[in-house]
Amino acid sequence: MFCSCYSKQDDGLDASKSSKNVSRYYNLAKNKDQNLKQRQTAINTAYKLLFNGQNDTLLHKVLYQKSIIHYSQKEYDSLLYYNDLLLNYLKGTQNYYYLGKANYLKAFYLDEIKFSSDSAFYYYNQSNKFFLTSQDSSRVGYNLLNMSYIQQGGSDYFGSKETITNALVFLKNTKDVNYLASAYNVLALNNRKLLNREDAIKYYTKAINITKSTKSKLLYENNLAATYIDDKKYDEAIFLLKKNLQDSIILNLPKEKARSIDNLAYTQWLKDGKDVKENLLNALDIRNKQNDKSGLVASYTHLGEFYTHKNKQKAIKWFNKAIDVSKIIKNPKGELDALGFLINIQSYNNKIKSRYINLNDSLQKKALKVKTQFAKIQYDDKLKNEEIQNLKILTTNQQLEVSIQRRQKIIYLLLGFILIILTVFFTYYLIQRHKREKEQEVYNTEKLISKRVHDEIANDISVLTNFVEENSDLHKASSKQILENKLHSIYLRARDISTDISSIDLEDFKEELKNLIIQYNTNHVNVITNLDDFEWFTVTDYKKIAIYRVIQELLINTKKHSRCKRVTLIFNDKEQDRIIIYTDDAVGFFKSDIKSHGLANAENRIENIGGTFNFETSPNQGFKAVIEIKR
């Protein structure tokens, strides 16, 4: 297949066919069923074809895949060349996905191959920024996980704890729970180093419970056992270590097997002073064969502790070996632990004390420097991003300001034109509506007058006509009196219609009512009232009209019939009722004559507004009316 793919005829492909061929070779290069050599040949061909017909999207993909294959082939110079070339092409673009991947690949190389933790941390942080922009939460989580490993390796446990806690937010959204388990493992170790063993145990347990990898589970259980040892929970540690030593996976991993044997023997010795020399030496032998220098430091230190109270010379020998190996692998923490034990044995040795103090100070300064360095990388990046963002905002604001000024004149002109049209339209609408309302009002008034004239006046006149036709002796006093009464009734109804239609000033009702009373306050009749004490603004308009007409009716009757000299009109505003009391010192009348005095109409008005109209009168006893209206 590859022979047919790479014939010399491909060199002359035109640009239209080139993209299809590049994609074909790119897909071959990604196919992991092919060996690395075949995949490298395919990606080189794709890269060569790209420059016959350039395509930026394909170029980014091809350069990244080419960098990956160079990494797999351990061709690190080529990896750096093509990955930097990709970063250069991506500069200024918004291809955040490949910007994130290219920065991640560079960070991974610096971390795993060059052991340049500060530079690796910088590029992980850069990658993280681009994946955040592209909202790729899983890759953000992976970056933060690697950054927390670097901080942990530099003894920045607080910084690592903060970073991994942030990573958990993103890793919980990924389907690969093994990354989440790794994050819990990192968080557990940070807590262990910060002597927060309860949380360390909790997070190791979480990592063990969710990981899908049996190997990882066993490693986490070994870590948990070590924490149990720190916390003096020896039975729990022994149970885990014995269980792991029965698993074939641990037995086939020499370094982990030696670690389990060493930790188990050390724990058994701590618990009950058991003679575990043979097991400690067995673990040491495995680590020597595997050249596991980090493991050797642990074995030498445990052997030194074992012999501290049995044979001080042997203990000193093992601690010195731990110091020598720690110096070779640049593990100052291992050296510091061994020196601490030596001080207890050789308290007189000032050289050991001096070395311990200097090394401890150096480690603290280094930890502070590392912590400051990592914090500075993140802080500088944050400032840079803020500066870029502020510059973008400033440029955008300037462009917007110019655009706004250009459009403001047009908007103002349009608004002015629209306002004029709306004003004209609204004015016309109000005029027409007022005109229609007036017409409707006139029509309603005419209709009302017509109905009342028909129902009241016309009917009464019809009755009167019939009376005249049926009574030929109208000259008699009795007939004459009846005729006079009927004519008076018609007069009263006509007067009611007239007064109902006339307008009442409801806005200044008190003044309107005062003017009515003044008309009847003459030299012959004295009207006394407390009108000013009443809160008329709380009375609804339709009730005002009814009250006005009733008082008017009472005053008219007083003037026509009662021949009184004094009228009292009292207004009381109570909590639930409004009461109006009308009294006069007139001649009075029989209650049977209520219709002739027009009081039936007044009574109806008050009842129509939900009130009551009661009166007391008799001949020569005056007249009193009590009107009660609900508030």
Side-chain angles (χ1 to χ4, degrees), residues 148-149 151-153 155-162 164-165 168 180-211 216-247 250 255-276 279-280 283 294-295 297-309 315 319 322 331 333-341 343-344 360 363-364 367:
S148 69
Y149 275 128
Q151 288 172 299
Q152 193 176 82
S155 301
D156 180 14
Y157 302 117
F158 282 110
S160 178
K161 186 176 178 180
E162 183 180 352
I164 202 62
T165 302
L168 286 171
L180 185 58
S182 295
Y184 283 133
N185 181 56
V186 174
L187 187 56
L189 182 56
N190 286 327
N191 279 292
R192 181 188 171 197
K193 293 294 184 180
L194 294 170
L195 303 180
N196 188 357
R197 298 190 185 102
E198 184 178 346
D199 279 350
I201 291 169
K202 178 178 76 173
Y203 288 115
Y204 276 135
T205 304
K206 279 191 173 187
I208 291 165
N209 289 338
I210 68 169
T211 186
S216 295
K217 182 178 180 180
L218 293 168
L219 297 179
Y220 299 154
E221 286 179 342
N222 270 347
N223 292 341
L224 178 57
T227 309
Y228 281 141
I229 295 169
D230 294 343
D231 208 24
K232 297 183 180 180
K233 295 180 179 179
Y234 300 130
D235 289 333
E236 289 90 336
I238 289 169
F239 172 79
L240 280 177
L241 293 167
K242 281 184 175 180
K243 181 177 77 69
N244 282 6
L245 281 169
Q246 294 172 359
D247 195 290
I250 290 291
K255 289 185 180 180
E256 288 303 318
K257 178 183 176 182
R259 182 188 177 200
S260 296
I261 292 171
D262 184 61
N263 281 340
L264 177 59
Y266 180 65
T267 308
Q268 290 171 332
W269 172 72
L270 286 173
K271 181 187 175 186
D272 49 24
K274 185 177 179 180
D275 186 1
V276 293
N279 288 335
L280 289 174
S294 293
V297 173
S299 280
Y300 291 146
T301 304
H302 286 167
L303 281 164
E305 287 185 67
F306 177 76
Y307 278 108
T308 296
H309 300 293
F319 285 134
N331 179 11
K333 183 67 172 59
E335 182 183 354
L336 191 69
D337 290 341
L339 287 169
F341 288 115
I343 288 173
N344 290 330
N360 188 49
L363 280 174
Q364 288 182 359

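Predicted model, so just to flag it, every value in this text is computed and none were measured.
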Within a reach of under 6.0 Å around CD of E236, are more than 12 heavy atoms found that belong to other residues, nucleotides or ligands? yes

Going through the checks in order, is the side chain to side chain contact (heavy atoms under 4.5 Å, CB included) test met by L189 and Y204? CA-CA 8 Å; L189 182 56; Y204 276 135; 3.7 Å; yes

Member of Y307, F319, Y300 meeting the ring-ring contact (aromatic ring centres under 6.0 Å, His included) criterion with F341: F319

For the student: nearest non-hydrogen atoms of A315 and G304, plus distance: CB-O, 3.4 Å

Result of checking N222, L224, D235 against L240 for side-chain contact (heavy atoms from CB on, under 4.5 Å): L224

Scan D231, D230, D199 and name whichever one has a side chain to side chain donor-acceptor pair (under 3.5 Å) with R192. D230

Evaluate the criterion side chain to side chain contact (heavy atoms under 4.5 Å, CB included) for residue pair Y220 and S182; output intermediate values, then yes/no. CA-CA 9 Å; Y220 299 154; S182 295; 3.5 Å; yes

When rounded to the nearest 0.5 angstrom, what distance separates CG in L180 from CD1 in I210? 3.5 Å

Run the numbers on K333 and D337 for salt bridge (Lys or Arg N to Asp or Glu O under 4.0 Å), then give the verdict. CA-CA 6 Å; K333 183 67 172 59; D337 290 341; 3.2 Å; yes

What closest approach, in Å, do A283 and I261 show between heavy atoms, and which atom pair accounts for it? CB-CG2, 4.1 Å

Please lay out, stage by stage, how W269 and H302 fare under the test side chain to side chain contact (heavy atoms under 4.5 Å, CB included). CA-CA 10 Å; W269 172 72; H302 286 167; over 6 Å; no

Heavy atoms only: give me the nearest S299-D262 pair and the separation to one decimal. OG-OD1, 3.8 Å

For S148 and S160, indicate whether the former's side chain and the latter's backbone hold a donor-acceptor pair under 3.5 Å. no

Please answer whether the main-chain N or O of L187 pairs with a side-chain N or O of N191 as donor and acceptor at a distance below 3.5 Å. yes

In Å and rounded to the nearest 0.5 Å, what is the NZ to OG1 distance from K193 to T227? 9.5 Å

If every non-hydrogen atom of T301 is compared with every non-hydrogen atom of A322, which pair is closest and at what distance? OG1-CB, 3.7 Å

Nearest 0.5 Å, please: how far is CG in N196 from CD1 in I201? 10.0 Å

Show your working on side chain to side chain contact (heavy atoms under 4.5 Å, CB included) between L264 and L245 and close with a plain yes or no. CA-CA 9 Å; L264 177 59; L245 281 169; 3.7 Å; yes

As an exercise, state the distance from OH of Y228 to CD of E221, rounded to the nearest 0.5 Å. 10.0 Å

With a 4.5 Å cut-off on side-chain heavy atoms, are Q268 and K242 touching? yes

Starting at CG of N209, measure out to NZ of K206 and round the result to the nearest 0.5 Å. 10.0 Å

Value for CG (L194) from CZ (F158), rounded to nearest 0.5 Å, stands at 4.5 Å

Between Y184 and T205, is any pair of side-chain heavy atoms under 4.5 Å apart? no

Backbone N or O of V186 within a donor-acceptor pair of the N190 side chain at under 3.5 Å? yes

Considering non-hydrogen atoms only, spot the tightest contact between T267 and A237 and give its length. CG2-CB, 4.0 Å

So N244 and S260, side chain to side chain donor-acceptor pair (under 3.5 Å) or not? Walk me through it. CA-CA 8 Å; N244 282 6; S260 296; 5.1 Å; no

